[in-house]
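The structure under discussion appears below in the form of structure tokens.
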Amino acid sequence: MTDVRERVRKFVLSASRWTGVARFASPYLAGIGAILMLHSVTVRPRRALGVNAHLSITPDFLDRAIADMKRAGYTFVSLDELAEAMAGKRRSVAAITLDDAYLDNYVEALPVFESHGVPFTIFVAPGLIDGAVQPWWEVVEELALAHDRITLPQSAGGTDLASRSRAEKHAAARQLMTLMTTDISEAGRQAVLDEMGGRAVATSPFMSWDQIEEIDRHPLCTIGAHTIHHYNLARLDNDVALAEMLGSADILEKRLGHRPVHFAYPYGYAAAVGAREVRLAEQAGFRTAVTTRHGTIHREHRDHFHALPRISLNGNYQGIGHLRTMLTGFSAFANSGRRVVTL
Ligand SMILES: [Zn+2]
């Protein structure tokens, strides 16, 4: 299903370029700029099954994307400056954000940011750093790769998934992903992964606390909060959701000596962020909060600081042409029928 959606999106991106619609629509739809969303940045993505390929771009693509945007007149700014730009007169501003604090952000992306003098924000979920929770989207891929058969714990149905051929492994990983986001509760997920042997197959792809403290001191870096346990907030009770938000800021403040003021909703899609989560982010005192909804930033967003869309630098779309079209705001308009995307 994702493949079909991706193909449609690629077609819309390409078609709008061929027809010149994107260029024509640009001044109206592009807004004042964009917040780019990245996850892993590495020359060696773990692509064995490819189910997480969208989360990984190469440092070379990052370098070319920044250079191309600079040539097109974009100025790269921090999230604070971008928030100010919404209330001011600046245009063509872009902020870079990276979710989850992948170690390669430090090792492979930082040199690119330094060479361009580009600020960036990394959103950290302390539970992923401590190992209290694992990145389940990667663990299920590793489980499918490591085993010919996966037995689900009784609490998760107890059935067996065949995982011998590449096609079976792919299907098993997809099935586990669905299970992890629907049938299993947020708080119960890690226990299920542990029972399936998740700890044995997957090593942490994230920075250590020492590395997060180090990169936080870098003048180009801002650290933002991303809940404690990387839970889907919309699946939590009010109090627990608010505690996840406040708690991540508390832990980061203790570690770093200053309180993060920017927040990224884990997953960030419609099933994870709605009006309630936006209210909670405001209540938690964050200055801005970003989703993973697809869209450019407009002046109107100054009234929606806690529902800011982003443009994904997606591993499946590592083409400058795609990026240029996305920055025109046309693809967001085509996707959502709206110029100003909030929720
Ligand atoms: Zn995340």
Side-chain angles (χ1 to χ4, degrees), residues 2 35-42 45-46 51-57 79 95-106 109 120-142 177 180-181 184 186-187 189-190 193 198 202 204-209 211-212 215-216 221-236 240-241 244-249 251-252 260 262-274 277-278 280-281 284 286 288-294 306-316:
T2 306
I35 303 172
L36 303 184
M37 172 175 69
L38 292 69
H39 288 83
S40 170
V41 180
T42 180
R46 298 197 278 182
V51 291
N52 289 301
H54 61 293
L55 296 178
S56 187
I57 61 164
L79 275 180
I96 294 185
T97 61
L98 305 102
D99 292 10
D100 305 336
Y102 280 87
L103 174 58
D104 56 43
N105 293 176
Y106 196 165
F120 58 94
T121 298
I122 297 177
F123 292 109
V124 180
L128 287 174
I129 307 305
D130 293 338
V133 287
Q134 288 182 287
W136 57 265
W137 54 95
E138 299 207 355
V139 176
V140 297
E141 184 172 11
E142 299 288 333
M177 281 180 157
M180 293 294 155
T181 50
I184 295 170
E186 295 299 303
R189 188 186 291 129
Q190 188 56 50
L193 289 175
S204 170
F206 304 117
M207 292 182 212
S208 66
W209 276 118
Q211 287 160 332
I212 289 169
I215 202 167
D216 175 60
C221 180
T222 299
I223 296 291
H226 197 37
T227 73
I228 302 175
H229 296 102
H230 207 276
Y231 287 160
N232 176 337
L233 292 165
R235 297 182 76 210
L236 304 177
V240 183
E244 277 286 329
M245 291 167 141
L246 288 170
S248 60
I251 293 167
L252 288 165
H262 302 286
F263 179 79
Y265 303 96
Y267 315 109
Y269 43 62
V273 190
E277 287 67 42
V278 168
L280 290 177
F286 293 112
T288 73
V290 294
T291 68
T292 62
R293 312 288 223 280
H294 176 64
H306 300 88
L308 299 176
R310 291 188 279 179
I311 297 289
S312 170
L313 285 197
N314 179 311
N316 294 327

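Start at 1 and go down the list; that is how both ligands and their atoms are numbered. These values consider heavy atoms only, across backbone and side chains, with no hydrogens, waters or symmetry-generated copies.
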- Query: Around the Zn ion (ligand 1), how many protein N, O or S atoms are closer than 2.8 Å?
  - Reply: 3
- Message: Using modelled atom types and a 3.5 Å cut-off, is there a donor and acceptor pairing between side-chain atoms of D99 and backbone atoms of M37?
- Response: no
- When rounded to the nearest 0.5 angstrom, what is the spacing between CD1 in I228 and CD1 in I251? 4.5 Å
- Report the residues that fulfil side-chain hydrogen bond (donor to acceptor under 3.5 Å, both in side chains) with D100, sequence neighbours left out, ordered by chain and then residue number. H226, H230
- Task: Applying side-chain hydrogen bond (donor to acceptor under 3.5 Å, both in side chains), name anything that partners H262, two or more places apart in sequence or on another chain.
- Result: D80, T288
- So, for F206 and L128, which heavy atoms are closest and what is the spacing to 0.1 Å? CD1-O, 3.7 Å
- Could you pull out all residues at least two apart from Y231 that satisfy ring-ring contact (aromatic ring centres under 6.0 Å, His included)? H229
